[in-house]
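Report on the following structure.
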Amino acid sequence: MGKDTIADIITSIRNADMNRKGTVRITSTNTTENIVKILLREGFIENVRKHQERDKYFLVSTLRHKRNKKGSYRRILNLKRISRPGLRIYSNYQRIPRILGGMGILILSTSRGIMTDREARLERLGGEILCCIW
């Protein structure tokens, strides 16, 4: 079995969010860079920078937190992996599901690259549903 880099991204961001960490270090590949750019553009991540350590590149991203000083910590990110290596989930543009009535986003891998569900509907493209974020 190979590594599932998308599941690694989702797990590391979810764990950092639950443990109230400010930054997440993710190995840099083309897929991970595109997913992190979408998260940055949609406002789930505050900042991303590329870091080199020896001969490997990493993406260091700063998470966006909502903290209430009097109350408890509130999680802001809910991430779920949809398509996985053992069960791929595909959808055409007409049947792309809406997350929370359009409040959340789906990340799809299409023939024109990785994009959100809104972009895929506008371009009338279907593809593999990678994950959802709300």
Side-chain angles (χ1 to χ4, degrees):
M1 278 180 30
K3 281 182 108 179
D4 188 9
T5 57
I6 298 167
D8 292 342
I9 294 170
I10 291 171
T11 303
S12 60
I13 291 174
R14 186 185 310 122
N15 289 342
D17 188 41
M18 286 193 306
N19 291 327
R20 302 177 190 176
K21 301 288 182 189
T23 59
V24 177
R25 191 172 125 181
I26 302 167
T27 57
S28 179
T29 63
N30 288 335
T31 306
T32 58
E33 284 182 20
N34 290 331
I35 291 173
V36 169
K37 283 179 188 176
I38 288 174
L39 293 176
L40 180 66
R41 188 175 60 225
E42 294 290 327
F44 293 105
I45 292 177
E46 283 185 16
N47 189 13
V48 176
R49 67 179 188 276
K50 202 166 193 177
H51 177 70
Q52 181 180 5
E53 203 171 287
R54 295 184 188 142
D55 60 341
K56 294 185 179 180
Y57 286 95
F58 296 97
L59 295 173
V60 179
S61 44
T62 307
L63 298 179
R64 181 169 298 208
H65 290 292
K66 286 189 179 178
R67 295 175 192 243
N68 187 355
K69 293 183 181 178
K70 294 180 182 176
S72 63
Y73 173 78
R74 261 189 47 193
R75 285 181 45 200
I76 190 170
L77 290 174
N78 290 308
L79 299 124
K80 185 178 179 187
R81 177 83 158 116
I82 305 288
S83 182
R84 51 186 214 260
L87 178 65
R88 302 287 185 186
I89 306 293
Y90 297 95
S91 176
N92 62 7
Y93 77 94
Q94 297 166 338
R95 295 187 182 203
I96 296 174
R98 295 185 191 275
I99 305 299
L100 293 177
M103 297 288 289
I105 62 167
L106 280 173
I107 297 179
L108 287 96
S109 175
T110 65
S111 60
R112 294 189 193 157
I114 295 176
M115 60 180 64
T116 64
D117 56 342
R118 282 178 244 133
E119 294 169 349
R121 279 190 205 97
L122 286 175
E123 293 190 22
R124 302 181 128 211
L125 289 172
E128 181 183 356
I129 302 173
L130 299 176
C131 60
C132 64
I133 301 137
W134 71 94

Fill in: Tyr93 six-ring centre to Arg121 NZ/CZ under 6.0 Å and within 45° of normal
no

Item to complete: Kindly say whether Asn15 contributes a backbone atom to a donor-acceptor pair with the side chain of Asn19 at under 3.5 angstrom?
Response: yes

Discussion item. Testing the 3.5 Å rule here: is there a donor-acceptor pair between the side chains of Ser83 and Glu128?
Written reply: yes

Worksheet entry | Check: Arg14 side chain, Leu79 main-chain N or O, donor-acceptor pair, under 3.5 Å | yes

Discussion item. Between Met103 and Leu122, is there shared hydrophobic-cluster membership here, with clusters defined by ILVMFWY side-chain heavy atoms closer than 4.5 Å?
Written reply: no

Worksheet item: Between OG1 of Thr31 and CG of Leu130, what distance do you get to the nearest 0.5 Å?
Response: 8.5 Å

Item to complete: Apply side chain to side chain contact (heavy atoms under 4.5 Å, CB included) to the pair Val60 and Val48, showing each step before the final yes or no.
Response: CA-CA 6 Å; Val60 179; Val48 176; over 6 Å; no

Discussion item. Distance alone, cut at 3.5 Å: any donor-acceptor contact between the side chains of Ser28 and Glu33?
Written reply: yes

Practice prompt. Output yes when a side-chain donor or acceptor of Thr32 lies under 3.5 Å from a complementary backbone atom of Thr29, and no otherwise.
Written response: yes

Item to complete: Answer yes if Ile9 and Phe58 sit in the same cluster of Ile, Leu, Val, Met, Phe, Trp and Tyr residues linked by side chain heavy atoms under 4.5 Å apart, and no otherwise.
Response: no

Worksheet item: Is it true that Ile45 and Ile114 fall in one hydrophobic cluster, defined by side-chain heavy atoms closer than 4.5 Å?
Response: yes

Worksheet entry | ILVMFWY cluster, Tyr90 and Leu106 together (side-chain gap under 4.5 Å) | no

Practice prompt. Before giving the answer on salt bridge (charged side-chain N to carboxylate O under 4.0 Å, His left out), spell out for Glu42 and Lys37 the whole-Å C-alpha distance, their side-chain angles and the decisive distance to 0.1 Å.
Written response: CA-CA 9 Å; Glu42 294 290 327; Lys37 283 179 188 176; over 6 Å; no

Discussion item. Evaluate Glu123 against Met115 for side chain to side chain contact (heavy atoms under 4.5 Å, CB included), listing each step before the verdict.
Written reply: CA-CA 10 Å; Glu123 293 190 22; Met115 60 180 64; 4.0 Å; yes

